[in-house]
Amino acid sequence: MTDPKFMDDTVFVLPKLIEAGLREAILKVFPDVDPEVIQLQVCANPKFGDYQCTSVMAIAKKRKLNPREQAQKVLDELELSDIADEVQLAGPGFINIRLKPEAIKRALSKAAQQGGYFIQKTDSPRTAVIDFSSPNVAKPMHVGHIRSTILGDCLARVLTLLGHQVVTDNHIGDWGTQFGKLIVGWKQHLDRDALMKDALGELERLYRKVNSACDEDASVLESARKELVKLQQGDEENLSIWNEMQEVSRVQFDKVYQRLGIHFDHTLGESFYNDQLKGVVGDLTEQGIATESQGAKVVFFEDIDGLKDHPALILKSDGGANYTTTDLATIQYRVETWNPDEIIYVTDGRQQLHFKQLFEIFRRWQPDAKVELVHTWFGSILGPDGTPFKTRAGDTIKLNDLLDEAEERAFKAVTEKNPDLDSEISREIARIVGIGAVKYADLLPNRQTDYVFDWDKLLSLSGNTAPYLQYACTRIRSIFRKAALNESEFLKSLGSDAENILELDSDFEKKLVRHLLNFGLVLESVLEDQRPNYLCNYLFELAGHYTSFYENCPVLKSEGSTRNSRLILCSLTRQVLEKGLFLLGIETPEKM
RNA sequence: GCGCCCGUAGCUCAGUUGGAUAGAGCAACUGCCUUCUAAGCAGUGGGUCACAGGUUCGAUCCCUGUCGGGCGUACCA
């Protein structure tokens, strides 16, 4: 019997169909197994097949059964005759599956008609709040902010594409002790011209100046404290200074975000929660979660292994709240406002302890809240010597300067490779290539490893970089230009004939096409582990398969159905590449 | 002290519930532009996956220990 869902006309994502078939078969043999553990993998070595399933071995192992016998039982129940040529049992219990060429052609043809993304939207959409970027008003955005910003944006895009609801919220650092120092600096040393020119730079200068003065002179520190207290009590002058700082900073943040192509649904900074802090502290005290200790209000975690020696402060001995309290109020607000299934925090790994404490306190405070709290952390940015990153002068590298340099390098490359282009067009290409290179270099490493800052690496334009992927796209576009064909009209004109036209004879075509099919699988694993580097590697491999195909399978010089078949592959590849790059937040130029 | 992370090719790093022959980029070397864009392609060399045990059909991955490194750890965020 052919399962009707294999005949479904609207959905034809091969790995998902195989996975569904496997789940059905495995559940017949093991009715109580969690379907989530049944997963499909791409065969590492094509000699075994296109896909493999190792789940039965894992299940058998847990139950102390013979894995090969169990895999055979599953195989007896498995019905994939529409999709698979051979389904084989191998070794200790691998189930190897080789796709039917007709099934591949059908999947490609459907993709060509519907938009070639090879993805299946989730059937259980979730709502996720993503908290990322979060720059400080006092400080210019620097290289330390790019990971959070780019990673968070990418996760938001992937979640959205797969059918989830996403709320992005930029939790700006616009409140806190640094403002005492900033106000002292503002009142005593403000340079208006510098403020107009580079607001964040000027604020940083003021902060540094007062900060070092505080180290030398306790009376300066004292006046900073006083200014802070005045601000918190609503002093008009200080409040208006604070407001102006917010405004000039926001303008500058927005410029950077615009450059990076990043959008936030909300920008609710720490100050937004000021009037809720008392309530949080009151609740925690009343419920006996927080207790008084050394003049402060503290939550202890005696019963939790990793937190035993690390209590969390929710109210300082001077009566001020700190960021744990603000973050608690923030969770409450988000839960009440958006009712999310999860809140994802994209921050530096050094905040792991903070988030462990935060999540634990929230669970005690509101045990019935069903929201899942996730800390998606990333490694630090280090200098070439392995210490926390600074320039030789001890400054951080500003994000704007980094992006300028990236565009400048890209511009040199563009003019060198393609000197005939109009300089305005070259500038635009350089913008897309330069920014893309920075983003890609940031997303390519596993997020948890520390990141050694290196101009050349971050701005590199060859090898496994964004320009390599963009270049593949422009070559495809160029083919269609030369052929004077509009891609979507071309695909439309073929209609369902595409299935019959497709020829997948050479190994280059076969490899390319098989890789295309797995786009959706990769996106799912990106979300599972919150690791966009899977997508980077997938796209790099895809571009590699395409380039081999391009070098070995002439498109426009071939004729008839071969030519059309290859044009289809070109278009599908370009669509997946561009969609993948879009998910990384990277644009693609028409030419380069 | 406690907690988290890391140690994979000369360098920088991937490696998806444990899976079959551990992969890329850079650097080095050899070829390929009168042929759809050479920001490219094809190929060569390069490994005790820090070390020692354990778990099992199978370990870079899980457990234990050792060595080496990074980070965090009560009034910054």
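Here is the naming used below: chain letters follow the sequence lines, and residue numbers restart at 1 for every chain. Keep in mind the model is a prediction, meaning the values are calculated, not measured.
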Problem - Centroid separation A/His171 to A/Phe272 less than 6.0 Å - result: no
Roughly how far apart, to the nearest Å, are [N] and [M] at atom [atom1]?
N	M	atom1	result
B/rC11	B/rG54	C1'	34 Å
B/rU8	B/rC2	C1'	29 Å
B/rA24	B/rG47	C1'	15 Å
B/rC41	B/rG25	C1'	16 Å
B/rC5	B/rG65	P	15 Å
B/rU21	B/rU64	C1'	30 Å
B/rG53	B/rA59	P	14 Å
B/rU17	B/rC6	P	15 Å

Exercise for the section: Could you tell me the separation between the CD atom of A/Gln352 and the P atom of B/rC71, rounded to a whole number of Å? Expected result: 14 Å
Problem - Interatomic distance, A/His375 NE2 vs B/rC5 C1' [rounded to whole Å] - result: 13 Å
Handout entry: Pair of N/O donor and acceptor under 3.5 Å linking B/rU16 base with A/Asp529 side chain
Key = no
Exercise for the section: Using only heavy-atom distances, decide whether a donor-acceptor pair under 3.5 angstrom links the side-chain of A/Lys61 to the base of B/rG18. Expected result: yes
Does [X] come within less than 4.0 Å of [Y], counting only side-chain N to carboxylate O?
X	Y	value
A/Arg427	A/Glu408	yes
A/Glu204	A/Arg208	yes
A/Glu360	A/Lys356	no
A/Arg63	A/Asp32	yes

Handout entry: Full working for side-chain hydrogen bond (donor to acceptor under 3.5 Å, both in side chains) between A/Asn464 and A/Tyr440
Key = CA-CA 9 Å; A/Asn464 187 354; A/Tyr440 190 85; 2.6 Å; yes
Exercise for the section: Give a yes or no answer on whether the side chain of A/Asn66 reaches the backbone of A/Glu69 with a donor-acceptor pair at less than 3.5 Å. Expected result: yes
So what does [X] touch, heavy atoms closer than 4.0 Å: a base, only the sugar-phosphate, or nothing?
X	value
A/Arg68	nothing
A/Asn533	sugar-phosphate
A/Asp348	nothing
A/Glu36	nothing

Handout entry: Pairwise salt bridge (charged side-chain N to carboxylate O under 4.0 Å, His left out) hits with a residue in residues 475-485 of chain A, at least two apart
Key = A/Arg475-A/Glu551, A/Arg477-A/Glu578, A/Arg477-A/Glu590, A/Arg481-A/Glu590
Problem - Among A/Gln352, A/Arg350, A/Gln351, side-chain hydrogen bond (donor to acceptor under 3.5 Å, both in side chains) partner for A/Asp348 - result: A/Arg350
Problem - Contact state string [nucleotides 72-77 of chain B, B base, S sugar-phosphate only, - no protein heavy atom under 4.0 Å] - result: BBBBSB
Problem - Footprint string (nucleotides 35-44 of chain B, 5' to 3'): B base within contact, S backbone only, - free, heavy atoms under 4.0 Å - result: SBBSBSSS--
Handout entry: A/Asn66 side chain near B/rC57 phosphate (N/O to OP1/OP2, under 4.0 Å)
Key = no
Practice task
Dot-bracket notation for RNA chain B is requested: 5' to 3', Watson-Crick or G-U wobble pairs only, both distances under 3.5 Å, with ( ), [ ], | and . as defined.
Solution key: (((((((..((((.....[...)))).(((((.......))))).....(((((..]....))))))))))))....
Handout entry: Trace of the salt bridge (charged side-chain N to carboxylate O under 4.0 Å, His left out) decision for A/Asp456 with A/Arg409
Key = CA-CA 10 Å; A/Asp456 290 331; A/Arg409 290 196 190 205; 2.9 Å; yes
Practice task
Please work out whether B/rC71 sits syn or anti, treating a glycosidic angle within 90° of 0 as syn.
Solution key: anti
Practice task
For the residue pair A/Glu503 and A/Ser565, confirm or rule out a side-chain donor-acceptor distance under 3.5 Å.
Solution key: no
Practice task
Test side-chain hydrogen bond (donor to acceptor under 3.5 Å, both in side chains) on A/Thr376 and A/Gln530 and set out the steps.
Solution key: CA-CA 7 Å; A/Thr376 299; A/Gln530 323 238 286; 2.4 Å; yes
Fill in the blank from the handout: Residues at least two apart in sequence or cross-chain that pass ring pair (Phe, Tyr, Trp, His ring centres under 6.0 Å) with A/Phe118, listed by chain then number, are none
Problem - From CD (A/Gln70) to CG (A/Leu75), nearest 0.5 Å - result: 12.5 Å
Using atom names, set out every protein N or O paired with an N or O of nucleotides 22-24 of chain B below 3.5 Å, distance rounded to 0.1 Å.
none

Handout entry: Aromatic ring pairing A/Trp242/A/Trp175, orientation class (parallel under 30°, perpendicular over 60°, tilted between)
Key = perpendicular
